[in-house]
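Proteins get letters first, then strands, A, B, ... in listed order; numbering begins at 1 in each.
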Amino acid sequence: MKELSKAYEPKKYEDGIYKRWLDSGFFNPENLLNTKGQYVNILPPPNANGEMHIGHASGYVVMDLLGRYHRMKGEKTLLLPGKDHAGIQSQVVYEKKIKKERGITRCDLGREKFYDEIFSFCKDRAQYMREQEKKIGLSADWSREKFTMDPELVKVVLDTFVKMYNEVDKNGNRMIYQGERIINWCPRCFTALSDVEVEHLEQKAKLYTFKYNKDFPFSISTTRPETKLGDTAIAVNPKDERYKKYIGKIFEVDFVGLPLKIKIIVDHEVDSTFGTGALGVTPAHSAVDWEMARKNDLPIIKVIDEHGKIHEGFKKFSGMPVNEAREMIVNELREHKLLEKEEDYPNNLSVCERCQSAIEPMVSKQWFVNVDHENFSLKKAARKAIENDEIKIYPERFKDVMLNWIDNIRDWCISRQIWWGPRIPVWYCARCEDDRNNISKVSFTNDSNHANIKIKSRVGKIPVAVGEKPLVCPVDERHGNNMLFQDEDTLDTWFSSGQWAYSTLGFPNGKDFKEFYPSDMMVMGRDILPFWAFRMIIMSLYCTGQVPFKNLYFTGLIRDEKGQKMSKSKGNGIDPKEVIEKYGTDAVRLSLLIGNSPGNDLNLGEEKIAGFRNFTNKLWNICRFMLLNIDKPKADVKKPVGKTLADKWILLRLNDVASQVKYCIENYNLSMAGEKLRDFTWGTLADWYLEMAKIEGKKSEILNYILNNILKLWHPFMPFVTEQIWQEIYKDENCLMIQKYPEFKLSSNGSAIDEFTSYIVDIITSIRSLRADYKIEPAKKINVAISAGQAEKFLNSNEEIIKGLARIENLKISKKLDKPQGSIGFVSFGVEVFIDLLGLVDTGKEKERLSKEIAAVEPYLIGLEKKLSNQEFVSHAPKEVVEKEKQKLSEGQEKLKKLKEQLKNLI
RNA sequence: GCACGCCUAGCUCAGUUGGUUAGAGCACCUCGUUUACACCGAGGGGGUCAGGGGUUCAAAUCCCUUGGCGUGCACCA
C-alpha cells in the first residue's frame, strides 16, 4: 500500500473524483441499490443568464450536504437540478449584449428571432453554470435537469393558467382575470411589474406647495407637480374644520393653461397635519388615489404614457419627459406667484428591481391572479399550511415573517410586456370586438430602446378563447382563425417558477411526480421569500392539493468580511471559481457551512477559507498517519474492544460525537455539526489520541475503525478529500459516497472513562505549562512525583503516556508522598503533582504562583458555600444540581488545603 | 408607522427548553522540527455577555425599558 502524499492538493484530484461519481451513476436514484425510504430535493433554479456566485454556492453546499447524508443513510436520494429563464432579467441582459456586440435592439430582430436567440443564450449559460455547480461538488441527477422554458414545463404552466381562468365563482369572478388597475410600470423594461419587483430607494426630493390657480380656495403639496395635470379631486380629512364648507363642491380651474375639474371629497387616509391637509387626487398615477377614485367614482385621467412621457392632449406638455414637464410647471407656477413653498423632502423613490429605473405607477389593463378567490383562497390555503406546520420552516422565526407577508398580499399582476417567457394563452378575435374603436390599436414610437414596438390597446378586448389556439373563432365560426390574435404579453417569471416543485416532475401523470412529490426539502435565499416561497406554496396547493415540500430552509446573504453586500461595482465579491482554484472545494464548502446559520447573513473573507484549507490538509495528514499505523486497511472493520484507557476513551468520544453530529444534521444545525466534528478530529483525535497511540503502539485495528468512520462522517461536508483518501485506500470498493453512514447512539455510561482521561490530560497540560513557565527546554526531560491518592492505580497504568507527553525521565506515582526537596507542586483534581526543578526553584516566584491560585479558588469556594447554605437553593433546585455543587465544593476545598500546605512549606 | 432580527474576547461567531469558575476559530505574545501535518505542535494573554430595571434559589439565556445597528412591509400628497 502506498503512502499518502505529504500534502493534500485539491486541484490534482477534484475533477477526477467528480468524474468517478458521475461514472458510478449514483447521482441517479434509480441506480441506488437496497434503498429504504427516500429523500427528494428539487433544487432551486438559478437564473440562466449569468454564472454561479457565492450565494448560489452557499445554498448548494447545504443542499448537497443533506443529499449526501441521506444517500449514505441508504435513502433513495434525488437532487433535481435546473435553471430558470428569468424573463425580465434575461431579456435585460440579452438586450444589453446585442446592443453592445451588434448595435441592435430586440425590435431589429423581431419577436420570434429574439425569442429564439435568447433561448439558445440561456441554454448556453445553463451549460456553463452546470460546470460550476459540478465544481462545488453538487451530487445532482443531471439526467433529470430541467429548464423553465422546456416545452413540457411550459405546458404545465399554461395549463394552470387555463385552470385558474376557468375557476369561476357564482358571481362570475375568475381566479385569473383581466382588469384595469393601477400597476407598477417600468419605462425602461417597458413592462408592468408586480409589487415585489419594485424596490424603494431613499432620495432627496422637493415638496412643492401651490395653488392650481389664484381663484382656487386652497393649496396642495406634492413632489410630482406634473402628475397634477390628471387631478380630478381634492381629498381632505373629514374632521378637518378648515375645509368642511367645501366638501362635495366641484371646481373648474385652469391649471397651467389646462382645464381641471376638481371635486372636494373626504377620506380618512388624509393626514390633516401633512402639508396643507389637502391632497390632490391623481387616480391614474398613485395607488392610494386610485382607491379613492374607485370609492368616489371619480374620472381617471392618464397623464404619463408607457415611455415616461406626458400623454397626448396636454398641449405644450405632451410628449415631454416627466422631469422636464415638472420643471416647466414649477417655473410657470413660480412666475404666476402660485408657488408658496419649495422644501427639501426625503422620500422613497420606487425603482425597478432589475434595472433600477424609476417606476411610474399607472393605470393599465393587465392580467391578475385573485389570491383570495371564493372557490379556493390561495392566501388562506397557504396560511393554513404554514400555521399547521405542514411546511416546517427553518429558522422558525421566518414563519412569522411569512404569515405577516401573506396577510398583506394583494392580487398578483402576472402579465408582462416582454417577449421572453411563456406567452399568455389567450386569443382575441378582431371581428368579435363589440366596440370597433377598441380593436387592436397599434401605435409606434421613436424611443430609441423601444423603436417600433407595438403598444396594443389595453382597453376593452374580450378573449374568445383561452388555451391552445382554436381552429376557428369559437364565438362565430365565420370569422375563421385568421382574425384571431394572441395576447401580446408573457407571464411573470414567478408564475413559472412557482410551479417548479411539480412541473419538473412531469405533473400530473409522470412517474417521477407520483414517486417523488412532494419533496422533502427546499433551500432558498431569504431574499426571495416573498417572490418564490409564497408563490410555490399557493400554486402547489391549488394544482396538486399538496404542499410542494415538507421543509423550507432559508439561507442568508453572503457578505464580505466587513459585512457589506458583495457587488461587482465594489469589487468586494468572492468568486467561487477563484477560491475553489486557490483553496479547494472542500475548504470553500466548510467556510460556507461552519459559522453560518439558517436565515442569517454570513460575513466571509478569504482568511476564513484559508483556515479551512488548513483543516482539509490536517485531515489528510491525520489519515496519512493512521494509515502508516494500520497493517492492512479494511473497509468493513467491526467496532473493536478498547484495550487501554486511551482506546476506550477515543471510542467513547467517537461514539458521542457521531450521535451528536447526526442530531445536529437532522435538526438542520449544520454549523454545529461541523464544529463538533472538527473539534473531535483536531482537538481530541489528533492532539491527544494519536499522540497517545504513538506511545502505546499496536493500534492497527482501532485506527482502521476510526479512519473509516471519520471519512464517512466528514464526507457530506468535504466530499472530495474524503473520497480521495477512500479511493487511495480502498480502490476496489464502491465510492465512499454510497458507503453506509455510521449509526451511533449516545452512550449512557462513559463518564468514568471521561473522568479518568481528564485527570491525565489535566496533569500533562499542567506540567507542560509549568515547564514553559520555568523555561525548561522542550528537549530536557524532568523528574516528577505524584501523590495520587485514589487515582494511584489508573495513573500507574497510564504511566507511559504521562511520561511521554509531559517529557518525564523518572515518574514516581504513590498513594501518598511528601513533596521532594527542590520541587514545585500543583493540585489537579485530588492529585498532587511535584516537579523536580533541578535547583531552579525560585521561591518568590512560587509564592506568587501559589498565592495567585489560592486567590482564584477562594472566592469561588465562598460562592459555592453561600449557594449551598441557602435553604431556598437546596430545596428548589433539582437534586442533581445540588449534588454537583456539593461535589465541586469538596473538591475545591481539598485543592485549597493542598495549595495552602504547599505555600506554607515554601516559607 | 407595523413587523422581524442583532449587540458575547481585537475580528467572525457558538452558547437549543434558565443550572460548568462563559466557549471556538482567526489575530496576537512566548517557545519549538520528537512515527503524520510549519496548511504544524506546546504554552499564554484577552470578555462586569450594549446600559438600566424586573421575575427566579439561580439569568448571556425569560420579561420590561433605554440606546446603537440591520432587514422586510406599508406610507411617502
inquiry  = What contact category does Leu207(A) fall into here, base, sugar-phosphate, or nothing, at under 4.0 angstrom with non-hydrogen atoms?
reply    = sugar-phosphate
inquiry  = Roughly how many Å apart are rA22(B) and rG18(B), using the C1' atom of each and rounding to a whole number?
reply    = 14 Å
request  = Could you tell me whether the side chain of Lys694(A) reaches within less than 4.5 Å of the side chain of Leu690(A), counting heavy atoms only?
outcome  = no
query = Can a side chain N or O of Lys775(A) be found less than 4.0 Å away from OP1 or OP2 on rU30(B)?
reply = no
task = Sort out for me which residue in Arg613(A), Glu606(A), Lys608(A) forms a side-chain hydrogen bond (donor to acceptor under 3.5 Å, both in side chains) with Tyr583(A).
result = Glu606(A)
inquiry  = Would you say the base of rC57(B) stacks on Phe873(A) (centre-to-centre below 5.5 Å, plane angle below 30°)?
reply    = no
ask   = Rounded to the Å, how far apart are Asp289(A) CG and rC76(B) P?
value = 8 Å
ask   = Checking all strands, does Thr223(A) fall into the base, sugar-phosphate, or nothing category for heavy-atom contacts under 4.0 angstrom?
value = sugar-phosphate
ask   = Between rU30(B) and rG45(B), how far is it from one P atom to the other, in whole Å?
value = 15 Å
inquiry  = Counting only side-chain nitrogens and oxygens, does Trp682(A) get under 4.0 Å of the OP1 or OP2 atom of rA24(B)?
reply    = no
request  = Mind calculating the distance between OH (Tyr689(A)) and P (rA36(B)) to the nearest angstrom?
outcome  = 17 Å
query = OP1 or OP2 of rU35(B) less than 4.0 angstrom from a side-chain nitrogen or oxygen of Asn629(A), does that happen here?
reply = no
ask   = Quick one: are the ring centres of Trp714(A) and Phe615(A) less than 6.0 Å apart?
value = yes
ask   = When you check the phosphate oxygens OP1 and OP2 of rC39(B), does a side-chain N or O of Thr616(A) lie under 4.0 Å from one of them?
value = no
message = Taking rU16(B) as the reference, what is the distance to rU61(B) when you measure between their P atoms (whole Å, please)?
response = 11 Å
Atom-to-atom span, CD of Glu607(A) to P of rC11(B) - whole angstrom = 14 Å
key: Residues Thr232(A) and Lys263(A): side-chain donor-acceptor under 3.5 angstrom   = no
Given RNA chain B, 5'-ward residue of the pair His876(A) and Thr765(A), judged by closest heavy atom = Thr765(A)
key: N or O in side chain of Ser671(A) less than 4.0 angstrom from rC13(B) OP1/OP2   = no
message = Using atom C1' in both nucleotides, what's the gap between rC28(B) and rC11(B) to the nearest angstrom?
response = 12 Å
key: Separation of the P atoms in rC6(B) and rC75(B), to the nearest angstrom   = 28 Å
inquiry  = For rU71(B), does the base pair up with any side-chain atom of Arg526(A) as donor and acceptor (N or O, under 3.5 Å, distance only)?
reply    = no
inquiry  = Please classify the nucleic acid contact of Ile622(A) as base, sugar-phosphate, or nothing, using heavy-atom distances under 4.0 Å.
reply    = base
inquiry  = Using a heavy-atom cut-off of 4.0 Å across all strands, would you classify Val281(A) as base, sugar-phosphate, or nothing?
reply    = nothing
task = Mark yes or no for a side-chain to base donor-acceptor pair under 3.5 Å between Lys618(A) and rC37(B), with no hydrogen or angle criteria applied.
result = yes
Atom-to-atom span, CD of Glu777(A) to P of rU33(B) - whole angstrom = 10 Å
Pairwise 5' ranking along RNA chain B for Arg410(A) and Ala610(A), keeping only the more 5' one = Ala610(A)
task = Using the P atom as the reference point in each nucleotide, state the distance between rA59(B) and rC49(B) in Å, no decimals.
result = 12 Å
ask   = Nearest to the side chain of Tyr860(A), which nucleotide is it out of rU21(B), rG5(B), rA14(B)?
value = rU21(B)
request  = Classify the side chain of Lys6(A) versus the base of rA38(B) as yes if they form a donor-acceptor pair under 3.5 Å and no if they do not.
outcome  = no
request  = Taking the side chain as every heavy atom from C-beta outward, state whether Leu707(A) and Cys623(A) have any atom pair closer than 4.5 Å.
outcome  = yes
task = Rounded off to whole Å, could you give me the CD-to-P distance for the Glu865(A) and rU21(B) pair?
result = 14 Å
ask   = Between Glu728(A) and Gln724(A), is any side-chain donor less than 3.5 angstrom from a side-chain acceptor?
value = yes
request  = Determine the interatomic distance between P on rA27(B) and the same-named atom on rC69(B); round to the nearest Å.
outcome  = 31 Å
task = Pick base, sugar-phosphate or nothing for Asn669(A), based on heavy-atom distances below 4.0 Å to the nucleic acid.
result = base
request  = Find the distance Asn614(A):CG to rC40(B):C1' and express it as a whole number of Å.
outcome  = 9 Å
ask   = Ring centres of Tyr8(A) and Tyr13(A) under 6.0 Å apart?
value = yes
query = Does the rA42(B) base have a donor-acceptor partner in the side chain of Glu691(A) within less than 3.5 Å?
reply = no
inquiry  = Counting only Watson-Crick pairs (N1-N3 plus N6-O4 or O6-N4) and G-U wobbles (N1-O2, O6-N3), all under 3.5 Å, who is the partner of rU33(B)?
reply    = none
task = May I ask which nucleotide in the shown strands pairs with rC73(B), Watson-Crick or G-U wobble, both distances under 3.5 Å?
result = rG1(B)
request  = Using whole Å, report how far CD1 of Ile594(A) lies from P of rC26(B).
outcome  = 12 Å
key: Nearest-Å distance once atom P is located in both rU12(B) and rC7(B)   = 12 Å
inquiry  = At less than 3.5 Å, do the side-chain atoms of Arg613(A) and the base atoms of rC39(B) form a donor-acceptor pair?
reply    = yes
message = Side chains of Asp762(A) and Ser828(A) only: does a donor on one sit below 3.5 Å from an acceptor on the other?
response = yes
ask   = What is the distance from CG of Asp679(A) to C1' of rG25(B), rounded to the nearest Å?
value = 9 Å
